[in-house]
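Computed over heavy atoms, backbone and side chain alike; hydrogens, waters and symmetry mates excluded. Just so you know, these numbers come straight off a predicted model, no measurement behind them.
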Amino acid sequence: MGGKEKMIHVAEPDITKEDTLAVANVMNSNWISGTSPKVSEFEQKFAKYHNCKYGVATGSGSTALHLALVVLGVGKGDEVIIPDFTMVACANAVSYLGAKPVFVDANVDTWCMEDTLIEKAITKKTKAIMPVHIYGHPCNMKYLEDLKEDHDIKIVEDCAEAHGAEYNGRKVGSFGDCGVFSFYANKIITTGEGGLLITNDEALAEKAQWYKAHCFGRGGKHFWHDKIGFGYRMSGLQATLGISQLERIDHYVEQRRSRAKMYMNMLAGLAHVGKIKFPVQKRLVKNVYWMFSILVNPEKFGMTRDKLMIKLANDGIETRTMFYPMHIQPPYKTTEKFPVADFLCKNGLNLPSGNNLTQFQVNKICERILYYGTDIEDMQKKTEEHS
Ligand SMILES: *Cc1c(COP(=O)(O)O)cnc(C)c1O
């Protein structure tokens with residue numbers, strides 16, 4: 001099957017002629033470093049898109065997460081509540097500071113942290129909570145805002161996978177003390193590598209700008225450093241690509257949502273009989289389906305997720321397993337139980353979701369999944385119904 005055709009990848013960036021031209025122009029202008037005016041332009045535009053006052057661009061989402069925790073004062077002995085089911089950058093950002101990541105299991109529908117477990121994880125040492133809008137589904141921000149009011153806790157939203165996602169009509173990233181984004185090549189808009197922190201707190205933004213570039217001189221002394229800062233600047237080239245990509249962010253979000261709808265329409269039969277399970281879109285939220293993912297029920301589907309992956313790969317369709325939860329990763333191994341994260345890890349499958357994914361490709365992917373998931377008895381029943 002399809003050996004000669006091009007592989008359909010899980011995620012591919014969409015770099016247009018306009019993007020290329022913009023970057024070429026800025027190269028000709030020589031404004032390529034992290035002090036390029038293009039960087040502040042991108043920071044301002046990206047923050048404005050989220051109705052936030054300030055933006056601080058960095059070299060990656062991971063560094064932006066670390067920076068956020070630094071400026072919020074997280075340090076040794078503190079605890080930060082993060083999802084067990086997430087990308088490792090969240091846990092690492094906490095660990096860099098000598099603080100302890102406290103893992104919370106996922107909700108079986110949204111795949112984000114389970115609300116009720118968050119409150120249970122709060123202790124006297126809890127300094128911050130890092131809600132992650134997993135695969136583009138926003139967390140319950142009302143619940144988190146209420147928690148913040150009851151406890152003296154900071155909130156850092158990890159929006160790496162949720163560009164343009166909304167909770168109650170408001171974009172994610174604007175709820176927490178700060179929101180952090182990634183522009184890695186597989187994210188909804190990209191700068192190749194890159195990250196950005198947004199906030200409405202002027203002092204926090206200034207502190208982040210200072211720390212991201214080695215806490216360079218105050219009071220006229222350039223090479224004077226009062227604190228240990230970081231080399232976390234974004235380059236002018238990356239920012240220029242970001243500005244150009246930002247022009248199309250709404251288009252990309254709509255693209256993801258419409259492809260998700262297509263997947264769900266075409267695979268509805270399998271979902272209806274419980275062979276697979278779709279991502280949800282809870283009340284009050286706009287899911288941007290960064291990675292359109294399904295859960296495979298091996299008993300009903302007739303094969304495991306891993307077997308389906310291999311079959312699809314042979315058909316020229318690349319898929320990816322969901323995250324391995326933090327509690328089984330060597331640096332973070334614990335004996336605590338996280339049954340939902342384990343379940344997602346075992347049965348979850350990211351289907352191709354890139355910005356350039358065509359309807360034709362979605363058709364092909366669904367046709368193959370339907371083929372593998374439809375057993376002969378089903379087909380016979382259908383034939384009988386029709387005759
Ligand atoms: C991609 C991602 C990051 C890290 O971003 P980088 O830009 O790759 O450093 C952090 N958190 C989540 C949830 C991500 O998906």
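A donor-acceptor distance shorter than 3.5 angstrom exists from the side chain of Ser293 to the backbone of Met291, with no hydrogens or angles considered. Between the side chain of Thr304 and the backbone N or O of Pro298, no donor-acceptor pair lies under 3.5 Å. When atom types are taken as modelled, the side chain of Lys212 and the backbone of Ala57 share a donor-acceptor pair closer than 3.5 angstrom. Side-chain N or O atoms of His133 include one that pairs as donor or acceptor with a backbone N or O of Cys139 at under 3.5 Å. Judged by distance alone, the side chain of Trp210 and the main-chain N or O of Phe216 form a donor-acceptor pair under 3.5 Å. For Asp105 (side chain) and Val340 (main-chain N/O), a donor-acceptor pair under 3.5 Å exists by modelled atom type. The backbone N or O of Thr190 sits less than 3.5 Å from a side-chain atom of Gln245, completing a donor-acceptor pair. A donor-acceptor contact shorter than 3.5 Å links the side chain of Arg257 to the backbone of Asn287. Using modelled atom types, one side-chain atom of Tyr332 and one backbone atom of Ala91 make a donor-acceptor pair closer than 3.5 Å. No side-chain donor-acceptor contact under 3.5 Å links Glu157 to the backbone of Gly179.
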Just do the side-chain contact (heavy atoms from CB on, under 4.5 Å) check on Lys148 and Ile129 with the steps written out, would you?
-> CA-CA 9 Å; Lys148 190 177 153 72; Ile129 303 177; over 6 Å; no

Under the ring pair (Phe, Tyr, Trp, His ring centres under 6.0 Å) rule, what do Phe103 and His327 come out as? Steps first, then yes or no, please.
-> CA-CA 8 Å; Phe103 306 128; His327 76 274; 8.0 Å; no

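Judged by distance alone, the side chains of Asp315 and Tyr371 never bring a donor and an acceptor atom under 3.5 Å apart. A donor atom on one side chain and an acceptor atom on the other are not found under 3.5 Å apart for Tyr252 and His163.
A tilted orientation is assigned to the rings of Phe181 and His50, their planes being inclined by 30° to 60°.
Residues Leu69 and Val94 are in side-chain contact: their nearest non-hydrogen atoms beyond the backbone lie under 4.5 Å apart.
Ion pairing between Lys53 and Glu206 fails under the 4.0 Å rule for side-chain N and carboxylate O.
Note on Met87: it clusters hydrophobically with Phe183, by side-chain heavy-atom contacts below 4.5 Å among ILVMFWY residues.
With Asn355 as the partner, the side chain to side chain donor-acceptor pair (under 3.5 Å) test is satisfied by one option alone out of Arg248, Arg259, Arg256, Glu12: Arg256.
Separation of atoms OH (Tyr324) and CD (Gln329) is listed at 9.0 Å; rounding is to 0.5 Å.
A cation-pi arrangement, defined by a distance under 6.0 Å to the six-membered ring centre and an angle within 45 degrees of its axis, is present between Lys171 and Tyr49. Seen from the ring of Tyr372, Arg368 counts as a face-on cation partner, given the 6.0 Å and 45° thresholds.
The environment of CG in Asn28 is crowded: more than 12 heavy-atom neighbours from other residues, nucleotides or ligands sit within 6.0 Å.
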